[in-house]
Amino acid sequence: MAESKVNKRNTIQYEMVPYKIALCQDWGLGTQIVQDYYDAMRLGFEEAAASKLIDRPVNLVIREVEGTPTARIFKVIQAWRALAQQELPMAIVGPHRSDAAQALREEISASSAPTISHCGTLDFGGPFNISLGNGTFADEGPILADFHRRHGHAVGVVRELDLAGSETSEAFRAAAHELNVKVISDQTIDSCDSIEAVTEKVRLLRAAGATAVQYLGGGGNARTVVTAVNRIAADGQWSVTKVLNIAFVLRNPGFGAAGIPTAELEGWIGLDQVHERNKIFSALLDRFEKKYGRRPFHCYTALGWDTANVLAIATARSKPHWREGFKGGLEKVRWLPSAVGGPASFISIGPFDHRGYKGNFITLREIRGGADRLVGTPTLLTE
């Protein structure tokens, strides 16, 4: 992976060709959140080269394509194919939306192009398919059910009829049954339903006597649900706990028009992946601020840096430095402390374990008095 040149003294000099990693970005295009994610990934690669973990820089090739629910999934599939077949990177990061990742599962496996996704579905698995989940539907369900158990809620569910809503709902309903959590109403919405239609579904939750509203979905209509619940509870006659799944990370600032204004989330609780006492994350923010002049306290900063860190370690351990060897390098990443999650979160990957995050990589946060604050990290369901 070196190119030779002959200088005027007739001696050979070598220029190291950078490693190539590709990124198929299918959400949040043009937002500050995604720029922070890109910059955190670049910082991770730069630090790996500076520390001599890897012997040369990394060339990050980014291809942006808007995915579902606003665009066709096939456009994302085409973008991933172009990266795999034309750019010929050692590994690809993305796509991240679960439906696109799931649609590409078999093709990724057949292509032997190691692909890391932040998708939440369990149905992404395969020999070359690695997950560093931005939440995980199967984990979110039990965590949310246990939260409601601890507070004795009668839960009214409003869920989107998308992949995220369906998988999270299945996990939530199973855990609620096992934990004797009372689910008294379960209403479905589409990702494009109007505020009027969503409001009518939320009214049914109130009429059923729900003491907590639980949103489940991929976030396409999360803001509409937040708006509807806030309006109905505004009369002061409905004392209700308001909870989002990982769609809570869509809050502003940073997401622009696609996000949920923080002011609208006053009093809402949700799942996230950042924790003030995670020393890896805090130290990352210090270095990020020194380099870029800003301090983005959100999970996508952590996800970007963790991903670069995993890829750098895999590169260092790859033999040979190509796809099969890179897969072997990925499967040697063990007990790596992560910026994502609580202080006990870490990343471990193995030959038959391609889901990287372990420990308390999901946190609970809330907006209270205009402040974004930590509620806690999930504990064992038996406690």
Side-chain angles (χ1 to χ4, degrees), residues 120-122 135-191 193 197-248 260 265-272 360 362-368 374-383:
T121 180
L122 290 182
T136 303
F137 307 144
D139 294 320
E140 293 172 46
I143 289 170
L144 292 167
D146 188 56
F147 171 81
H148 293 298
R149 175 189 69 85
R150 291 170 184 272
H151 294 84
H153 293 150
V155 185
V157 173
V158 55
R159 58 185 170 94
E160 288 191 48
L161 292 170
D162 59 0
L163 179 62
S166 298
E167 284 196 30
T168 312
S169 175
E170 181 181 1
F172 178 79
R173 292 300 296 253
H177 173 73
E178 294 160 6
L179 297 173
N180 294 315
V181 174
K182 189 175 183 181
V183 179
I184 61 174
S185 184
D186 186 352
Q187 302 297 323
T188 60
I189 61 172
D190 288 322
S191 297
D193 271 350
V198 173
T199 299
E200 197 54 41
K201 295 297 181 73
V202 174
R203 290 190 190 283
L204 294 175
L205 303 184
R206 177 176 178 172
T211 60
V213 170
Q214 177 63 66
Y215 166 85
L216 302 174
N221 227 357
R223 184 179 180 182
T224 308
V225 172
V226 168
T227 300
V229 173
N230 288 347
R231 286 180 181 177
I232 294 174
D235 62 7
Q237 301 302 307
W238 189 25
S239 178
V240 61
T241 301
K242 300 171 286 189
V243 186
L244 294 175
N245 64 342
I246 202 69
F248 190 72
I260 308 172
L265 285 170
E266 177 65 32
W268 282 81
I269 295 169
L271 300 184
D272 206 323
N360 53 3
I362 295 176
T363 60
L364 280 160
R365 303 188 68 85
E366 70 174 344
I367 305 299
R368 184 71 60 183
L374 181 73
V375 174
T377 54
T379 53
L380 293 176
L381 304 184
T382 53
E383 292 184 359

Nearest 0.5 Å please: distance from the CG atom of Leu144 over to the CG atom of Leu244.
9.5 Å
Assess the residue pair Glu200 and Gln187 against the criterion (side-chain contact (heavy atoms from CB on, under 4.5 Å)); give the C-alpha distance rounded to whole Å, side-chain angles, the decisive distance to 0.1 Å, and a yes or no.
CA-CA 10 Å; Glu200 197 54 41; Gln187 302 297 323; over 6 Å; no
Check whether any side-chain heavy atom of Thr227 lies under 4.5 Å from a side-chain heavy atom of Asn230, and answer yes or no.
no
Could you report the tightest heavy-atom contact between Trp238 and Leu205, atom names first, then the distance?
CZ2-C, 4.4 Å
Any idea which heavy atoms bring Ala210 and Ile184 closest together, and the distance?
N-CD1, 3.2 Å
Is there a side-chain contact between Trp268 and Val229, using heavy atoms and a 4.5 Å cut-off?
yes
Over all atoms of both residues, closest heavy-atom pair of Ala247 and Gly219
CB-CA, 4.1 Å
Less than 4.5 Å apart, any side-chain heavy atom of Val202 and any of Arg206?
no
In terms of relative ring orientation, are His153 and His151 parallel, tilted or perpendicular, with 30° and 60° separating the classes?
parallel
I need the Thr363 OG1 to Asp272 CG distance, nearest 0.5 Å.
4.5 Å
Straight-line distance of Asn221 CG to Ile189 CD1, nearest 0.5 Å:
4.5 Å
Between Arg173 and Asp186, does at least one N-O distance fall below 4.0 Å, as a salt bridge requires?
yes
Do Leu271 and Phe248 pass the side-chain contact (heavy atoms from CB on, under 4.5 Å) test, and can you show the C-alpha distance, the side-chain angles, and the key distance before you say yes or no?
CA-CA 6 Å; Leu271 300 184; Phe248 190 72; 5.6 Å; no
Under the 3.5 angstrom rule, does the side chain of Arg159 hit a backbone N or O of Ser169 as a donor-acceptor pair?
no
For Thr211 and Ala154, indicate whether the former's side chain and the latter's backbone hold a donor-acceptor pair under 3.5 Å.
yes
Go through it in stages, so that I can follow the logic: the residues are Phe137 and Thr121, the test is side-chain contact (heavy atoms from CB on, under 4.5 Å), and I'd like the CA-CA distance, side-chain angles, deciding distance and then a yes or no.
CA-CA 6 Å; Phe137 307 144; Thr121 180; 4.1 Å; yes
What one should report as the nearest heavy-atom pair of Glu160 and Ser191 is OE1-OG, 2.6 Å
Please round to the nearest 0.5 Å and tell me the distance separating atom CD1 of Ile269 and atom CZ of Phe147.
3.5 Å
Exam field: side chain Asp162 to backbone Gly165, donor-acceptor pair closer than 3.5 Å
yes
Chi angles and distances behind the side-chain contact (heavy atoms from CB on, under 4.5 Å) call for Val226, Tyr215:
CA-CA 9 Å; Val226 168; Tyr215 166 85; over 6 Å; no
Lys182 atom NZ: more than 12 heavy-atom contacts under 6.0 Å
no
Closest non-hydrogen atom pair, Val375 against Arg365
CG2-C, 3.8 Å
Look up atom CD1 in Ile362 and atom CD1 in Ile143, then write down how far apart they are to the nearest 0.5 Å.
4.0 Å
Rounded to the nearest 0.5 Å, how far apart are CD of Gln214 and OG1 of Thr241?
10.5 Å
